[in-house]
> 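Take this structure first; my questions come after.
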Amino acid sequence: MQPQYHPRSVEQEAQAFWAERKSFRSIEDSAKPKFYCLSMFPYPSGKLHMGHVRNYTIGDVLTRCYRMRGYNVLQPMGWDAFGLPAENAAMANTVPPAKWTYDNIATMKRQLQGLGFALDWERELATCRPEYYKWNQWLFTRLFRKGLAYKKTGIVNWDPADQTVLANEQVIDGRGWRTGALVEKREIPMYFFRITAYAEELLAALDTMDGWPEQVKLMQKNWIGRSEGVRVAFPYALGGETKLLWVFTTRADTLMGTTFCAVAAEHPIAVHASKTNKQLAAFVEECKRGAVTEAEFAQMEKTGMSTGLYCTHPISGEKLPVWVGNYVLMGYGEGAVMGVPAHDERDYAFALKYGLPIKGVIRHPAGDSVPKPWKPAYAEYGTCINSGKYDGLGYQQAVDAIAADLKAKGLGEKQVHWRLRDWGISRQRYWGCPIPIVHCPSCGDVPVPDDQLPVKLPEHLVPDGTGNPLAKMPEFYETRCPSCGKPAKRETDTMDTFVDSSWYFARFACPDNDRAMLDARAKYWMPVDQYIGGIEHAILHLLYSRFFARAMKAEGLLDVDEPFTNLLTQGMVLAESYYSDAQGRREWINPADVAVTRDAKGKILGAKARDGREVVYDGIGTMSKSKNNGVDPQALIDKYGADTARFYIIFASPPTNTLEWSDESVEGSFRFLRRLWAYCAKFDNPGPKMADGLAKATRFEIHSVLKQANFDLGKHQFNTVASAAMKILNALDNFSGGRNTVTQDGLSILLRLLAPITPHVCHHLWRELGFGEDVMTAPWPEPDPAALQQDDIEYVVQVNGKTRGSLTLPKSADRKQIEGSAALSMQKYVAGQIIKKVVIVPGRLINIVV
RNA sequence: GCCGGAAUGGCGGAAUCGGCAGACGCAGCGGACUCAAAAUCCGCCGGUGGCGACACCAUGAGAGUUCGAGUCUCUCUUCCGGCACCA
């Protein structure tokens with residue numbers, strides 16, 4: 001055996017072995033339990049980054065464990081290949097997004113293969129291929145006919161300079177990122193998926209999803225946001241007609257305290273009033289600029305302006321002014337709210353700012369009046385006061401009574417309200433899946449018939465930042481109506497890329513089927529048994545996929561509601577960043593080019609760049625181009641090999657934590673693999689005979705560590721499994737002799753425990769030392785109960801909860817003997833005092849309370 | 001702003017049910033080997049006091065429950081993720 005560990009040749013040899021045997025090809029087999037292990041597929045952005053390596057290493061560890069445990073495992077890989085970055089790269093390099101994307105896929109595929117993941121590459125798919133997106137389109141037409149996909153107006157960010165729609169990400173401080181022009185909101189027709197039709201189900205099913213982290217379920221629950229309240233109408237006169245201004249409130253008990261109503265800038269009342277009020281029109285225009293995201297809305301200064309119109313309070317008949325508020329969102333609820341300044345913090349601030357009346361109608365702990373400043377107690381539930389016939393009622397009684405009265409007048413009723421909104425899928429972009437609709441002047445919106453699918457996206461275009469190139473391409477949009485045959489216009493919007501990623505997991509079962517979206521193989525493999533991906537996807541992607549699974553089930557394509565049985569949300573990969581301050585301009589220095597100086601205790605004193613310049617430590621954060629703190633996985637693999645990269649990633653942190661990158665610790669992981677190799681290289685050398693006591697102790701140590709490792713594996717705490725492998729090697733290495741029954745058993749356990757993490761080196765050593773032909777087909781190691789037997793137990797002894805020593809007692813000792821021995825050993829602390837009680841935790845601890 | 005999460009030595013982390021805080025590793029310090037370096041091996045390694053046995057303090061801050069709290073409860077601070085057109 002080679003005395004030195006050379007990862008390159010070991011890894012090539014192992015990968016060739018797996019490729020030749022097609023070790024990771026998965027075939028449906030109802031005789032074996034199946035395990036579908038899936039990591040979120042990557043966006044082909046260029047090269048693999050550490051987040052990818054982490055994600056796929058975690059998935060691969062699970063995949064290989066389950067293979068060794070005898071499951072029929074599927075682990076596929078594909079490409080989330082449509083999206084905005086390809087268009088940006090296209091503009092920057094004048095290269096079509098398709099070419100850029102396919103080149104990136106080729107690079108990243110090579111990198112993934114170099115990492116030795118147990119992937120079934122025969123099932124590879126890319127969402128930008130017509131064979132894939134044809135079925136996006138096909139399903140869309142099905143949902144469209146059912147009304148689960150429909151058209152309505154939606155609001156987009158409009159860059160007036162480039163005459164183009166911008167993504168939220170492309171709007172910086174209210175301006176277009178390329179033009180700097182003030183971005184406006186525009187209403188345009190868009191297609192939506194009616195995800196709200198499943199709101200109730202998506203919420204209720206969360207309670208049955210035991211394999212998902214509570215944290216993610218809670219976030220989804222709050223996102224769906226079920227609330228019970230009352231829908232209230234405030235009548236108003238417009239052009240001689242009486243219309244109703246609807247609002248939703250969860251605090252109908254405060255209805256009598258309403259002193260104004262506020263509507264969104266896009267609300268019909270605001271639009272109407274602006275026609276005759278120039279100042280208001282300017283304010284409405286103002287509202288359409290500025291905040292783009294909900295976060296920005298929530299944090300911006302709340303402003304408003306009166307429309308000059310009044311509505312009528314549905315119970316009291318009072319006249320209330322109608323205002324336009326920049327904080328009222330048209331896309332949320334009714335686009336209007338009732339203002340109760342006395343009992344709502346935001347309304348309170350608004351009323352103070354604009355001199356609107358404040359009318360207290362709830363008795364609260366701070367008293368009946370509502371003096372400045374705002375107190376949270378004002379918003380608490382209480383007894384109605386100042387509310388006419390509702391005086392004296394509590395929250396629920398008041399809501400019931402008011403809802404009943406409103407219902408009698410036809411001005412309201414109880415309603416369940418959802419925070420969840422329908423999913424707008426139209427994008428005015430080129431690099432995405434075309435929406436399969438033809439607009440016919442006589443037939444309206446006609447879905448493209450099945451025999452004309454897919455609507456192919458031309459792959460040669462280069463966008464220029466001024467709108468969607470498809471919309472400027474008559475060859476694409478000029479068509480005939482599938483229904484009447486007359487000239488018609490094809491839809492040029494493409495789908496949100498979340499559509500592509502909402503069902504890819506099912507397509508992996510049958511990526512080669514050109515006659516159907518899914519077939520029986522999907523029913524075999526689905527649901528995904530273990531899904532792994534970043535916590536940043538906790539809401540949108542996962543919720544959309546849950547919706548899609550239901551929609552597909554309704555089409556008879558799947559027979560499960562929930563697509564992912566178990567979910568593991570991995571943490572982000574972070575790195576330190578450093579900059580040098582040159583004339584006030586920060587130049588970011590890659591951490592690989594920085595040397596830190598430390599004091600005698602290892603504390604960081606300062607840092608210098610490779611060229612000797614002093615650099616400033618800027619803390620730890622996500623790896624980014626702007627801070628030049630990315631660590632290239634390829635450089636790491638080239639230097640140490642894939643196994644070291646995999647081992648470090650697993651060992652450095654539990655999967656759900658963030659992982660802080662450290663080049664020095666990588667070195668330590670490499671050192672461990674070298675030690676393992678060195679141990680194996682001398683394994684068959686003659687040495688001293690192992691003494692009985694040492695044999696017993698070594699076996700006990702190895703099997704206890706294995707027991708713990710298997711427990712940790714069960715809770716996906718892989719970092720301590722890697723530690724366990726190190727502990728086993730330490731235990732083996734304490735004996736200077738070679739192969740005997742104890743070390744043979746121990747090394748066999750070590751190599752199998754480590755095989756999922758560092759598969760190449762374990763593959764090699766397993767064969768080299770004659771354990772078998774392929775470690776991947778060896779059974780998963782289980783501890784031997786006989787090795788775990790012990791005659792004595794070591795107790796921790798405490799006095800008044802403070803640890804004072806330990807005590808070794810025979811396993812057979814009874815309570816009386818334990819108490820006696822403990823008191824005796826604790827003479828020093830107990831003497832002269834009265835023992836009040838003795839707490840004994842069997843097999844672990846004795847606490848004497850004096 | 002709202003929703004969710006996290007905080008333990010110089011660093012990453014461990015501690016299964018509330019039961020020895022700091023496993024395993026990194027960095028650091030001391031030593032062996034070497035002409036020297038690298039590699040490797042051995043030892044030390046939370047803080048304060050003490051020659052020492054040992055004592056006290058210590059899991060972001062403050063309170064509480066308990067024989068006993070990193071773990072449970074409340075309040076607060078800081079950081080991270082998401083907020084519907086980044087993926």
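Below, all heavy atoms of this structure are taken into account, side chains as well, without hydrogens, waters or symmetry copies. Lettering follows sequence order; numbering is per chain, from 1.
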> Can you tell me, in whole Å, how much space there is between the C1' of C57(B) and that of G50(B)?
15 Å
> What parts of residues 715-732 of chain A reach RNA chain B, counting only heavy atoms under 4.0 Å away?
Lys715(A), Gln717(A), Asn719(A), Thr720(A), Ser723(A), Met726(A), Lys727(A), Asn730(A)
> Write down the distance separating the P atoms in G46(B) and G22(B), rounded off to the nearest Å.
10 Å
> List in chain and number order the residues that pass salt bridge (Lys or Arg N to Asp or Glu O under 4.0 Å) with Glu187(A), two or more places apart in sequence or in another chain; answer none if no residue qualifies.
none
> Could you pull out the closest heavy-atom pair between Val328(A) and Gly335(A), with the gap in Å?
CG1-O, 3.5 Å
> With heavy-atom distances below 4.5 Å as the criterion, would you say the side chains of Tyr795(A) and Leu809(A) are in contact?
yes
> Without hydrogens or angle criteria, can the side chains of Asp159(A) and Thr164(A) be said to hold a donor-acceptor pair below 3.5 Å?
no
> Remember a base hit wins even if backbone is also touched, and classify Tyr829(A) as base, sugar-phosphate or nothing at under 4.0 Å, heavy atoms.
sugar-phosphate
> Between G70(B) and C85(B), how many Å separate the two P atoms, rounded to a whole number?
46 Å
> Mind checking the P distance from A38(B) to G30(B)? Whole angstroms is fine.
14 Å
> Please tell me if Arg674(A) has a side-chain N or O lying less than 4.0 Å from either OP1 or OP2 of C41(B).
no
> Check Phe82(A), Trp100(A), Tyr133(A) against Trp431(A) for a ring-ring contact (aromatic ring centres under 6.0 Å, His included) and give me the one that passes.
Phe82(A)
> Taking CG from Leu542(A) and C1' from G81(B), how many angstroms apart are they, rounded to a whole number?
13 Å
> What is the distance, to the nearest angstrom, from the CG atom on Asn734(A) to the C1' atom on C24(B)?
14 Å
> With a 3.5 Å distance limit and no angle check, can you tell me whether Arg419(A) reaches the backbone of Trp223(A) through a side-chain donor-acceptor pair?
yes
> Whole angstroms only, please: what is the CG-C1' distance between Leu206(A) and G4(B)?
14 Å
> For a ring-ring contact (aromatic ring centres under 6.0 Å, His included) with Tyr198(A), tell me which candidate from Phe193(A), Phe547(A), Trp418(A) qualifies.
Phe547(A)
> Figure out the NZ/C1' separation between Lys217(A) and C3(B), and round it to whole Å.
17 Å
> Side chains of Asn730(A) and Arg675(A): donor-acceptor distance under 3.5 Å anywhere?
yes
> Can you measure Leu807(A) atom CG to C20(B) atom C1' for me and round it to whole angstrom units?
13 Å
> Counting primed atoms plus P, OP1 and OP2 as sugar-phosphate and everything else as base, spell out the protein contacts along nucleotides 62-76 of chain B at 4.0 Å heavy-atom distance: B, S or - for each nucleotide, 5' to 3'.
-----BS--------
> Which dot-bracket string describes RNA chain B (Watson-Crick N1-N3 plus N6-O4 or O6-N4, or G-U N1-O2 and O6-N3, all under 3.5 Å; [ ] crossing; | other strand)?
(((((((..(((......[....))).(((((.......))))).((((....))))..(((((..]....))))))))))))....
> Nearest whole angstrom, please: distance from the C1' of A15(B) to the NZ of Lys707(A).
16 Å
> Take nucleotides 82-87 of chain B nucleotide by nucleotide from the 5' end and write B, S or -, depending on whether a protein heavy atom sits under 4.0 Å from the base, only from the sugar-phosphate, or from neither.
SBBBSB
> Indicate whether OP1 or OP2 belonging to A6(B) is found under 4.0 Å from a side-chain N or O atom of Asn657(A).
no
> Remember a base hit wins even if backbone is also touched, and classify Thr658(A) as base, sugar-phosphate or nothing at under 4.0 Å, heavy atoms.
sugar-phosphate
> How far does the P atom of G62(B) sit from the matching atom of U8(B), given to the nearest Å?
15 Å
> Ion pair present between Lys302(A) and Asp347(A), side-chain N to carboxylate O less than 4.0 angstrom?
no
> Run the salt bridge (Lys or Arg N to Asp or Glu O under 4.0 Å) test against Arg54(A) and tell me which residues pass, sequence neighbours left out.
none
> I'd like the C1' distance from A27(B) over to C20(B), given in whole Å.
27 Å
> For G10(B), decide between syn and anti, treating a glycosidic angle within 90° of 0 as syn.
anti
> Determine: side-chain N/O of Asn222(A) to OP1/OP2 of G4(B), distance under 4.0 Å, yes or no.
yes
> For Phe297(A), report the nucleic acid contact type (base, sugar-phosphate, nothing); a contact means any heavy atom under 4.0 Å.
nothing
> Are Asp493(A) and Asn468(A) close enough that a side-chain donor and a side-chain acceptor fall under 3.5 Å?
no
> Can you tell me how the ring of His52(A) sits relative to the ring of Tyr56(A), calling it parallel under 30°, perpendicular over 60° and tilted otherwise?
parallel
> For residues Thr720(A) and Asp712(A), is any side-chain donor paired with an opposing acceptor at under 3.5 Å?
yes
> What integer number of Å spans the P atoms of G60(B) and C67(B)?
24 Å
> Could you check whether Glu667(A) pairs with Arg671(A) (Lys NZ or Arg NE/NH1/NH2 to Asp/Glu carboxylate O, under 4.0 Å)?
no
> ring-ring contact (aromatic ring centres under 6.0 Å, His included) with Tyr132(A): which of Tyr504(A), Phe41(A), Trp503(A)?
Trp503(A)
> Any side-chain N or O of Ser653(A) below 4.0 angstrom from OP1/OP2 of G13(B)?
yes
> Over how many whole Å does the gap from Phe651(A) atom CZ to A27(B) atom P extend?
12 Å
> Tell me whether the OP1 or OP2 atom of C24(B) has a side-chain N or O from Tyr648(A) closer than 4.0 Å.
no
> So which atom in Leu788(A) and which in Pro783(A) form the shortest heavy-atom distance, rounded to 0.1 Å?
CD1-CB, 4.2 Å
> Taking atom P in both C79(B) and U73(B), what distance in whole Å separates the two?
24 Å
> In whole Å, what is the span from the CG atom of Leu673(A) to the C1' atom of G25(B)?
13 Å
> Go nucleotide by nucleotide along RNA chain B from the 5' end; which of Arg804(A) and Ala652(A) gets its closest nucleotide reached first?
Ala652(A)
> Determine if the base of C17(B) is syn or anti; take syn to mean the glycosidic torsion is within 90° of 0.
syn
> Please report the closest heavy-atom contact between Pro213(A) and Thr569(A), naming both atoms and the distance.
CG-OG1, 4.2 Å
> Let's see if you can work this out: which of G5(B), C20(B), U16(B) has an atom nearest to the side-chain heavy atoms of Thr803(A)?
C20(B)
> Taking the minimum atom-to-atom distance to the side chain of Glu660(A), which one of A14(B), G12(B), G4(B) wins?
G12(B)
